Amino acid sequence: MTYTWQVAVTGMGIVSPIGVGVKEFARRMFSGDSGVVNIRGGPMPQDFPIPMAGLVAEAALRQPVILRDLDAAQVPKLWRFAALATEEAVRSLPAGARVDGVIYATKEDDHFELIQESFRSLSGDQLTNDETRAEASLEIIRRILDAHGCGPVAASDLISINNHCVSSNQAIGIAFERVRSGRWRRAVVGGVEAACSASDLMNFHLLHALSTLEGPAASCPFTSKRAGFVRAEGAATLVLENGEDAEARGATIYGYITGYGASSDAFRLTDGRSDGRGAIRAMQRAILDAGQTPDAVSAVSAHGTSTPLNDRLETMAIKQVFGSRAYQVPTVSLKSQIGHTLVAAGAIEAVACLLMLSEQKLAPTINCSDPDPDCDLDYVRNTARPAPLKTILSNNFGFGGQNACVLFERGATKSASLKN
Amino acid sequence: MSNVLWNRVLLPEQGDSPCSRVYSVYGDDFRVEHTAVFAAGDEEIVRLPEPRVYQVLNRTGLLLVAAGLDSREVLAPFLKEDPFSVGLYCAVEREHDFLTPKRMLDTPAEEFAATYKSLRSPKQFFKELPNIPPSQLGIILGAMGPQYVFSHSRWASLHALEQAEIDVQTEVVRAALVCSATSLEDPLVSMRNRRDVGDETLLSEAAAALVLTRSSEYTDWKSLCRPESKDRRSCGIADPLLCAATRTGRLVVA
């Protein structure tokens, strides 16, 4: 299959535990800051079994312009996060630059509090409001695009994905395919996660998936003390654009998406395959899809959840893909800094990858001082470092056995710099 | 258009008298009128290879697996040659837990964790997640190609069809199993669907699945998904796939 179009990333926006806005996120990411905070005695009671979470600081949030007429306290976090990230991302688009579709990863909430409220008032009306639709965040994104002069986007081109941890990478991947093939000229993609509620945390805790370590080092991928992931919230939005269009309008190009691969383990709901076959295939497919070989990959943005099984299997799978060169391929985990944002993880890590490519610098895997002998790659432990980066492979492997990998490439001379 | 190798539609018999669906969690007077459901109980909907799988599938999930699992013979040659050559493209909504929030209405914050733990089995979480039924279906089939779960309350089935179409045409997979299902178990989803379609339309449980393979032309699924104006039955998120399945021939209704 011959593809015609390059796919450029021309806009980025982010809401994360280490900063709202791309510049602040970049500064704190390269500084190795942690956004993991103690939730006991704050949003959760003192004896809550899960001590830590990666939360977005309320003080860093402003009300999105599109929602300015609503009472901030009444607006679901999910909407605020998605709107803020998107308003930042589409600032790069001129009015009239029509967006063909929106593909966004959104987790449907358990609506625990909403359901409780419906019992208190015994009214079914509360159950039918827009908040309960998976596409609610995408409708807000559509309104942002309309207000910015980049609409209209047809309702049927608002595509919401809910496939757990791989959702955002899948959103990026299928939008990439649509732009690369010329079906779409421009797409808005991303993911949002804002469900660090008591019920949500307990759901993962009952599956023994969450870290119960105390302190900001609770998320410590690839170390011998890792004990589960740290739940986190956030959102990121990217503008994907036909490369020729982007260059013609003199757009800032943060980088290119050049390959995508997805697969399933067909093994167990919570455990990855011991042979890593599904993960290996997804990585290989993304690299092959870009017309590259593993030798062309400069670094890996790992799924790196800090769970005992994932980090060991991912390390093994990376070795299978890269062979003896695996030890020379720096492998970083942003989740060490912010925790695991589940459906939003791929989008947030995409912003991280594009910033690393732009700055020619690897972000550190923090809390990474106590190596596990089974995890023996170059994890860029604790401190950022300069590196010549041409391509970064971003991995996401999910609950349920799904795998999705995206290959990002630096623009030859057009990559944006934060200094611009 | 793509080759539709096989399809399956599961709909309650029209003869099954439309009835009220009572949501007793809200009391016996809380009901949605004019509904149709399968007479079969959960474990009669589909025969699963392992009894413990029933513990992780809600009714929507069972319906989805019931429709999709019948493709096993059609997919077998593809899977035998390469398990990565078959992908799953699904449209499903979350089924919420209403009982636990109700039981915990007066639970103080400091007792939340202990009470929640006492009321819910860990596997209850699986029953609520939309990606678990497709994952379970993929495990049973042994399909290792991509799996997508689309969740737009109206268009998710169309999104699943379009992505399947792209993947078979670009040879990411050789066969695509597209599935959707809806049940009336969740009052949230049922109330919302009732509001969307009006009182005259029958709200119905349903599941549909079809298998696509590559052909020489792209299919305009959007036009194939458009409902007939005479349709007086609504199956929520599964509607577009049901329309597509009934228009693409070789229809098998179970």
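Labels below follow one simple rule: chain letters A, B, ... track the order of the sequence lines, proteins then strands, and each chain is numbered from 1. What you are looking at is a predicted structure, and each value in this text was computed from that prediction instead of being measured.
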Anything under 30° is parallel, anything over 60° is perpendicular, the rest tilted; go ahead and classify Phe98(B) against Phe119(A). perpendicular
Of the backbone (N, CA, C, O) and the side chain (C-beta and beyond), which part of Thr270(A) lies under 4.5 Å from a heavy atom of chain B, both, or neither? side chain
Which region of Arg194(B), side chain (C-beta onward) or backbone (N, CA, C, O), has a non-hydrogen atom less than 4.5 Å from a non-hydrogen atom of chain A, or is it both or neither? neither
Side chain, backbone, both or neither: which part of Val56(B) has a heavy atom under 4.5 Å from chain A? side chain
For Pro83(B), is it the side chain, the backbone, both or neither that has a heavy atom under 4.5 Å from a heavy atom of chain A? side chain
Structural part of Thr100(B) lying under 4.5 Å from a heavy atom of chain A: both
What are the two closest heavy atoms between Ala262(A) and Tyr148(B), and how far apart are they? CB-OH, 4.1 Å
Relative to chain B, which segment of Asp109(A) carries a heavy atom at a distance below 4.5 Å: side chain, backbone, both, or neither? backbone
Could you tell me the separation between the CD atom of Glu128(B) and the CG atom of Asn203(A), rounded to the nearest 0.5 Å? 6.0 Å
Ile174(A) versus Ile166(B): any side-chain heavy-atom pair under 4.5 Å? no
Does any heavy atom of chain A fall under 4.5 Å from the side chain of His96(B), the backbone, both, or neither of them? side chain
The interface call for Arg40(A) against chain B, heavy-atom contacts under 4.5 Å, is neither
Let me know if Leu129(B) has heavy atoms under 4.5 Å from chain A in its side chain, its backbone, both or neither. side chain
Honestly, the part of Gln124(B) sitting under 4.5 Å from a heavy atom of chain A is neither
Test item: Asn162(A) side-chain N/O and Asn131(B) main-chain N/O as donor-acceptor pair under 3.5 Å: no
Between the CZ atom in Phe126(B) and the CZ atom in Phe399(A), the distance rounded to the nearest 0.5 Å is 4.5 Å
To the nearest 0.5 Å, atom CD1 of Ile159(A) lies from atom CD of Glu162(B) at 6.5 Å
If I measure from the heavy atoms of chain B, does Ala155(A) come under 4.5 Å with its side chain, its backbone, both, or neither? both
Euclidean distance, Phe84(B) CZ relative to Ser263(A) OG, rounded to 0.5 Å: 5.5 Å
Which region of Tyr104(A), side chain (C-beta onward) or backbone (N, CA, C, O), has a non-hydrogen atom less than 4.5 Å from a non-hydrogen atom of chain B, or is it both or neither? neither
Give a yes or no answer on whether the side chain of Glu135(A) reaches the backbone of His152(B) with a donor-acceptor pair at less than 3.5 Å. no
Atom group of Arg178(A) that falls short of 4.5 Å from chain B, counting heavy atoms: side chain
Shortest non-hydrogen separation from Asp196(B) to Arg133(A) and the atoms involved: OD1-NH2, 2.9 Å
How close do Leu105(B) and Arg120(A) get, counting heavy atoms only, and between which atoms? O-NH2, 3.3 Å
Exceeds 12 heavy-atom contacts within 6.0 angstrom, atom CD of Glu113(A): no
Of all heavy-atom pairs between Ser264(A) and Ala143(B), which one has the smallest distance, and what is that distance? CB-O, 3.9 Å
Can you say whether Asp265(A) sits under 4.5 Å from chain B via the side chain, the backbone, both, or neither, judging by heavy atoms? backbone
Taking atom NZ of Lys117(B) as the centre, report whether more than 12 heavy atoms of other residues, nucleotides or ligands fall under 6.0 Å from it. no
Return the CZ to CE distance between Arg277(A) and Met144(B), rounded to the nearest 0.5 Å. 4.5 Å
Assign the ring pair Phe112(B) / Phe112(A) to parallel, tilted or perpendicular, where the plane angle (0 to 90°) is split at 30° and 60°. perpendicular
One option among Arg285(A), Lys107(A), Gln402(A) has the most heavy-atom pairs under 4.5 Å with chain B, and it is Gln402(A)
Work out which heavy atom in His111(A) is nearest to a heavy atom in Leu188(B); give both atom names and the distance. CD2-CD1, 4.3 Å
So which atom in Ser156(A) and which in Lys222(B) form the shortest heavy-atom distance, rounded to 0.1 Å? OG-NZ, 3.0 Å
Side-chain donor-acceptor pair under 3.5 Å between Glu177(A) and Thr170(B), yes or no? no
